[in-house]
Structures are given as C-alpha cells and as structure tokens.
Protein chains: 2
Amino acid sequence: MSDIIPASLRGRLSYVLGTLHRRALDLETEALAPLGIGVKQQAALDVLVDEGPMTQQRLGLRLGIDRTTIVTVVDGLQDAGLIERNRDPADRRAYLIVVTESGTAAQRRGRRLVRQAERELLGALTDEEHGTVTGLLARAVPERTPPDAPR
Amino acid sequence: MSDIIPASLRGRLSYVLGTLHRRALDLETEALAPLGIGVKQQAALDVLVDEGPMTQQRLGLRLGIDRTTIVTVVDGLQDAGLIERNRDPADRRAYLIVVTESGTAAQRRGRRLVRQAERELLGALTDEEHGTVTGLLARAVPERTPPDAPR
DNA sequence: TATTGTTATACTCTATAACTATA
DNA sequence: TATAGTTATAGAGTATAACAATA
C-alpha cells in the first residue's frame, strides 16, 4: 500500500536527507555487488588509491570509521584479494594497507558503478541540477572530520 | 585529532548525504530538546496538525515508520501531554490520535526550532543556495513512499 | 479469518572494554 | 606506559513473531 509523502516532511531536511541517504546506500550497494564489496570498502579503495598505503587506523580516520570497525572492512578487501596487509617495517605493531593490482582495477570499475548509481538516485534531476546539488551539499559538509567524529 | 575529508568522499553522495543526515538529526534533536520531544515526534505532530486525527497505524504509514515503532513515538507524545489516544468509535480496535491544545502550541514552536537547526546545518550556504538545495533534494525524493518502505 | 495495538525478540550497525604484541 | 590491531560485548535503532481485543 503506497502513500503520498506528507508535505511537511518533504521540506524537512533530516527526513529528505535520511530518505536519500538510505536510497543511495541501497543503490550503491547493489551497484557494487558484482565486485563483491560494499560501499565502505569502495571508499577505502578510493582513499588508498588516491593517497597511497597507510595504516589501518589512519585509513579508518580518513573514512570517519572507528578502528574496531575498519577491521571488518579491510578483512573483506583482503579476502577479495584487493588489498594486502603488510607489516610496517618502521612499526611492527601496524599494518600498511597496500592495494593490489586487481584492487586497482576494482577501484576503477567500482568508481564507475557508483557514479551510475548516483545518476539513478538523482534521476528526477537534470545533469546540471545533479551537479548543482552535489556541489552545494559538498560545501555544506564541514571541511574537516570533527575531532570526535565516529562513523 | 581532526583531519581533512578525502576528496574522493566529498563527491560521494552516500557519504555526503550520510554525514549531513547525521548532523541534521543531531542539530534538530538538540533544537527540540526544550520541548522534550524527538525528531520523529515533531514529524508526527506536523502530520497530525496538517491532516487531522488518524489511527496510529495510519500515522506510521505517513511517516514511513513501522507500526511496532510508532508505539514508542506516540507514547512519548502522550506522556508529554501533546496528544491523546481516543478509541475510534467506528473501530474499537484502533485509536484516533488527537493533538491537544498544548500539542498544537508545541508543534508551532518545534517547527520554528527545526527551521533554525536547518539554517545552522546549511550555514555554509547563502539563503538562496539553501532554498535551491532543499528544492532539488525534495524533487529527488520519490513522490510516494515505496510500498514496502520501512523506516 | 483478518486487523489494531502491543510486547518480546532478533538483527544490523557501530562504539566501548579488554586483550596481545609491539613500542 | 602507550599504541596498533583484534575480539567480545553492549548499545541504539528498527524489524519480525506472537498475543489480546475487536472486526
């Protein structure tokens, strides 16, 4: 049984952002399924390819993900053969996460698939509007991750 | 320890939407705290004031909230004296949720507080940009709640 | 037999606490 | 003593299953 969305909620940012966020996660997750990775894992690959090898904890910090949560993310990437955990010679407590060759290929493919999912998410908008909304939202996000920022 | 957000994530919709959604919830929750109600409860008041008394289940459907979850939302409103549960004479299984006088006052005040929180959320944007992004996002949200739509 | 409201339960996601191995 | 990674555990949020009252 479907239902028209209440007018008062269509203007409420927490509601609209929540709805679109959930839908974005669904669409991107579905898009990435062929690669066997999730949204957070694609994000991890993106950061690693952009910025080079780093420790698990640093990666988590870059993604705004707790160090206990990043473990599973990296586990999945390792199981899929997309990254390797190399002991850091300078600090044998830490791993350096290194993207493998197939990891690099997966990152490129995943990036494309995510972009398609995003186009679908904003399918009701023109390409120009898509760019406008993405740009404005990016500007609204704080420059830096809050010091305590979990998730 | 703060950290600049990775460029690859600033353009990723699931990331940007998620970040802003969490922040919107935090700001709106804080803004509504003086009223002793949460974001979902303000949304419930909005719908009830706009559309008049309805059953709990119908209210949940309007909000995209499961009928087992709406119970707590309505409980809170009732405890705060903002709504009353009246048995529906036409169907004694159901309640008609009716907004009280102080509920109507709270709704008006809450609506104002939420708008302030939204302005703060998009503080980096001009008023015009604020309107643009809100309008575009509202258009990107599906017209109707999906038939199965939980949450 | 089906439906409204309710409770108990389970599941997902993520953080806190505690452990190990290094530093 | 402090830190990287890990595991076990707990908490928030929300769904599924089952029940009483009513249709």
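Naming: A, B, ... by sequence-line order, numbering from 1 per chain. Because the structure is predicted, anything quoted here is derived from the model rather than measured.
The side chain of B/V71 lies closest to C/dT6 when the candidates are D/dT7, C/dT6, C/dT4.
The shortest non-hydrogen separation linking B/L17 to A/L17 is CD2-CD2, 3.8 Å.
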Set out, in order, the CA-CA distance, both residues' side-chain angles and the distance that settles side chain to side chain contact (heavy atoms under 4.5 Å, CB included) for A/Q56 and A/R67, then state yes or no. CA-CA 7 Å; A/Q56 248 182 234; A/R67 67 173 176 156; over 6 Å; no

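Following rounding to the nearest Å, A/I70 (CD1) and C/dA15 (P) show an atom-to-atom distance of 11 Å. One interatomic measurement links the two molecules: CD1 of B/I65 to C1' of C/dG5, which rounds to 16 Å at whole-angstrom precision. The CG atom of A/L96 sits 13 Å away from the C1' atom of D/dG5 (whole-angstrom rounding). Atom CG of A/L61 and atom P of D/dG5 are 12 Å apart (whole Å). One can place OH of A/Y95 at 12 Å from P of C/dA21, the figure rounded to the nearest angstrom. Regarding A/R85, its CZ atom lies at a distance of 11 Å from the C1' atom of D/dA4, rounded to whole Å. What separates CZ of B/R22 from P of D/dG13 is a distance of 14 Å, to the nearest Å. If you measure from atom CG of B/D66 to atom P of C/dT3, you get 15 Å, rounded to the nearest angstrom.
Remark: the backbone N or O of B/E128 is paired with a side-chain donor or acceptor of B/T132 at under 3.5 angstrom.
A side-chain contact (heavy atoms from CB on, under 4.5 Å) with B/M54 is found for one member of B/V98, B/V47, B/I97, B/L61 and no other, namely B/V47.
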Would you mind writing out the side-chain donor-acceptor pairs for residues 27-43 of chain B within the sub-3.5 Å range, not counting sequence neighbours?
{"residue": "B/E28", "atom": "OE1", "partner": "A/S14", "partner atom": "OG", "Å": "2.7"}
{"residue": "B/E28", "atom": "OE2", "partner": "A/S14", "partner atom": "N", "Å": "3.3"}
{"residue": "B/E28", "atom": "OE2", "partner": "A/S14", "partner atom": "OG", "Å": "3.4"}
{"residue": "B/T29", "atom": "OG1", "partner": "B/L25", "partner atom": "O", "Å": "2.5"}
{"residue": "B/Q41", "atom": "OE1", "partner": "B/G38", "partner atom": "N", "Å": "2.8"}
{"residue": "B/Q41", "atom": "NE2", "partner": "B/V73", "partner atom": "O", "Å": "3.1"}
{"residue": "B/Q42", "atom": "NE2", "partner": "B/D46", "partner atom": "OD1", "Å": "3.0"}
{"residue": "B/Q42", "atom": "NE2", "partner": "B/Q107", "partner atom": "O", "Å": "3.1"}

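Here A/D91 pairs with A/R93 under the side-chain hydrogen bond (donor to acceptor under 3.5 Å, both in side chains) rule; sequence neighbours left out. For B/E129, the salt bridge (Lys or Arg N to Asp or Glu O under 4.0 Å) test picks out A/R139, with sequence neighbours left out. In terms of the salt bridge (Lys or Arg N to Asp or Glu O under 4.0 Å) criterion, residue partners of B/D75 (sequence neighbours excluded) are, by chain and number, B/R85.
Position along DNA chain C of the nearest nucleotide to A/R92 versus A/T69 favours A/T69 as the more 5'-ward residue.
Counting distance only, with no hydrogens placed and no angle test, the side-chain atoms of B/T68 and the base atoms of C/dT7 include no donor-acceptor pair under 3.5 Å.
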Under 3.5 Å, which N/O atoms of the protein pair with N/O atoms of nucleotides 1-3 of chain D?
{"residue": "D/dT3", "atom": "O4'", "partner": "A/R93", "partner atom": "NH1", "Å": "3.2"}
{"residue": "D/dT3", "atom": "O2", "partner": "A/R93", "partner atom": "NH1", "Å": "2.7"}

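Judged by the 6.0 Å distance and 45° axis criteria, B/R10 is not positioned over the aromatic ring of B/Y15.
Residues of residues 39-56 of chain B having a heavy atom closer than 4.0 Å to DNA chain C, listed by number: B/T55, B/Q56.
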